[in-house]
Trainee: 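One structure follows; several queries about it will come next.
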Amino acid sequence: MSKFESEVAEGERYRVGYALQTKKVESFLQPSLLDYAKQHAVDLVQIDPSSPLEQQAPFHCIIHKLHTPQWNKHLQQFSATHPDTAIIDPPELVSRLHDRVSMLEAVTHLQISLQNATVGVPNQVVVNEPKALDFDKIEQLGLRFPAIAKPLAADGGDGSHEMCLVFDREGLNALSAPTVLQEFVNHGGVLFKIYVAGRHVKCVKRKSLGDISEERLRTLKGEVLPFSRVSNLGVEEEGDAVEKAEMPPQCLVDELAKALREALGLNLFNIDVIRDSKEPTRYLVIDINYFPGYAKLPSYEPFITDFLLDAVRTKTN
Ligand SMILES: Nc1ncnc2c1ncn2[C@@H]1O[C@H](COP(=O)(O)OP(=O)(O)OP(=O)(O)O)[C@@H](O)[C@H]1O
Ligand SMILES: O=P(O)(O)O[C@H]1[C@H](OP(=O)(O)O)[C@@H](OP(=O)(O)O)[C@@H](O)[C@@H](O)[C@@H]1OP(=O)(O)O
Ligand SMILES: [Mg+2]
Ligand SMILES: [Mg+2]
């Protein structure tokens, strides 16, 4: 039983509207979530983003992962006239996660050091015109190869997950701009995904890119290796490294989630974190995603429902 169940006033129900792309509706709105939420006084209702929200009201809360101008306009008009509806989250704050530079800026301002562990971001630089690049400038900035070239835009659009491993500066010629060139940090092939839903936090392990040895680096000179969606590799494919990897200290996970939630002003996101193989107390945030795939978490139904109950209560109290 959820800890909130006993607190739900008899007969009181909460309407939570969701505005999501079809594929997200299919993955997120599992029957198990709809049922669990319903049993805990939360009715999840689908929003038609092309119609004014007024006609679809009332809503105690709205969750969304759409960013068309039309949707932003409908949401803005509705929130201006319905201050009691909890909007999770404001589009202007979500948009900070749509750019791989502004996404990580919040992390660089955090002062987290717990149990001797530190949290930072890998060195990175924006490359606009690869062919006209001043290669020495990249190296002067302290950026070392190998590196990962990531599309600057992380808005879920076409190609926003298509990356390349670049082994030396010659490889930059093959890239299309605008790209973020981020130092590749060996991390033992294991990624930590910290899922946040308000004050609720869960960290899981996933398979990641394997370490690149000095020898491999020599043989790969001049190469550019494209890849996409490594973090989506299925659980069954995960090797020993993932099973054996020690989780980051729970206090670090909690502290990082709380600090980023406050710095970003967001409730629904996950944080991709790696641990430097050379320096195991050094943690690096490499990616932050808005409204990620929560359904992949074990027991995501109470995780999400408890968050939604927090959101509606904060507004109605
Ligand atoms: N700086 C880095 N050093 C080492 N490996 C990295 C680094 N950045 C990314 N990776 C690897 O590449 C993968 C994809 O990178 P990233 O998470 O930035 O892409 P994404 O497409 O935004 O991912 P997601 O599907 O989580 O949104 C990571 O999951 C990790 O395995
Ligand atoms: O589709 P999935 O359920 O895997 O969720 C992924 C989500 O895709 P979706 O929102 O289109 O569904 C991605 O969003 P966009 O960047 O493409 O907008 C991004 O947030 C990934 O990190 C999520 O995977 P996770 O980090 O949880 O492994
Ligand atoms: Mg990622
Ligand atoms: Mg991402």
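One-based numbering, in listed order, for ligands and for the atoms of each.
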Trainee: Using the rule that two of Ile, Leu, Val, Met, Phe, Trp, Tyr join whenever any of their side-chain heavy atoms come within less than 4.5 Å, decide whether F28 and I62 are in one cluster.
Mentor: no
Trainee: Is it the side chain (CB and beyond), the backbone, both or neither of D287 that lies under 4.0 Å from ligand 1, heavy atoms counted?
Mentor: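 Contact part for D287 vs ligand 1: side chain (C-beta onward).
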Trainee: Please name the atom of D272, restricted to N, O or S, that is closest to the Mg ion (ligand 3).
Mentor: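 Result: OD2.
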Trainee: With a 4.0 Å cut-off on heavy atoms, is R100 touching ligand 1?
Mentor: yes
Trainee: With the Mg ion (ligand 3) as the reference point, give the N/O/S atom of D287 that is nearest.
Mentor: OD2
Trainee: So if you build clusters from Ile, Leu, Val, Met, Phe, Trp, Tyr with side-chain heavy-atom gaps below 4.5 Å, do Y290 and I87 land together?
Mentor: no
Trainee: Heavy atom of K193 under 4.0 Å from ligand 1?
Mentor: yes
Trainee: So which atom in P91 and which in H64 form the shortest heavy-atom distance, rounded to 0.1 Å?
Mentor: CG-CE1, 4.1 Å
Trainee: Please state whether the separation between the Mg ion (ligand 4) and some N/O/S atom of S160 is under 2.8 Å?
Mentor: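 Checking the Mg ion (ligand 4) against S160, no N, O or S atom falls under 2.8 Å.
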Trainee: Just distances here: any N/O of I148 and N/O of ligand 1 closer than 3.5 Å?
Mentor: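 No.
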Trainee: Is ligand 1 less than 4.0 angstrom away from at least one heavy atom of A154?
Mentor: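 Per 4.0 Å heavy-atom rule, A154 does not contact ligand 1.
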Trainee: Should the proximity of E183 to ligand 1, defined as any heavy atom under 4.0 Å, be assigned to the side chain, the backbone, both, or neither?
Mentor: backbone
Trainee: Begin with the C-alpha distance, continue with both residues' side-chain angles, and end with the deciding distance and a verdict on side chain to side chain contact (heavy atoms under 4.5 Å, CB included) for I138 and L172.
Mentor: CA-CA 11 Å; I138 288 186; L172 293 175; 3.7 Å; yes
Trainee: Between H82 and F78, what is the ring plane arrangement, given parallel below 30°, perpendicular above 60°, and tilted in between?
Mentor: parallel
Trainee: Taking only distance into account, with no hydrogens and no angle test, what donor-acceptor pairs under 3.5 Å do side-chain atoms of residues 246-266 form with protein atoms, sequence neighbours excluded?
Mentor:
residue	atom	partner	partner atom	Å
Q250	NE2	D254	OD1	3.0

Trainee: Tell me the contacting part of L209 for ligand 1: side chain, backbone, both, or neither, using a 4.0 Å heavy-atom threshold, strictly below.
Mentor: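 Both backbone and side chain.
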Trainee: Under 4.0 Å, heavy-atom basis, I'd like to know which part of N270 is in contact with ligand 1: side chain, backbone, both or neither.
Mentor: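 Contact part for N270 vs ligand 1: neither.
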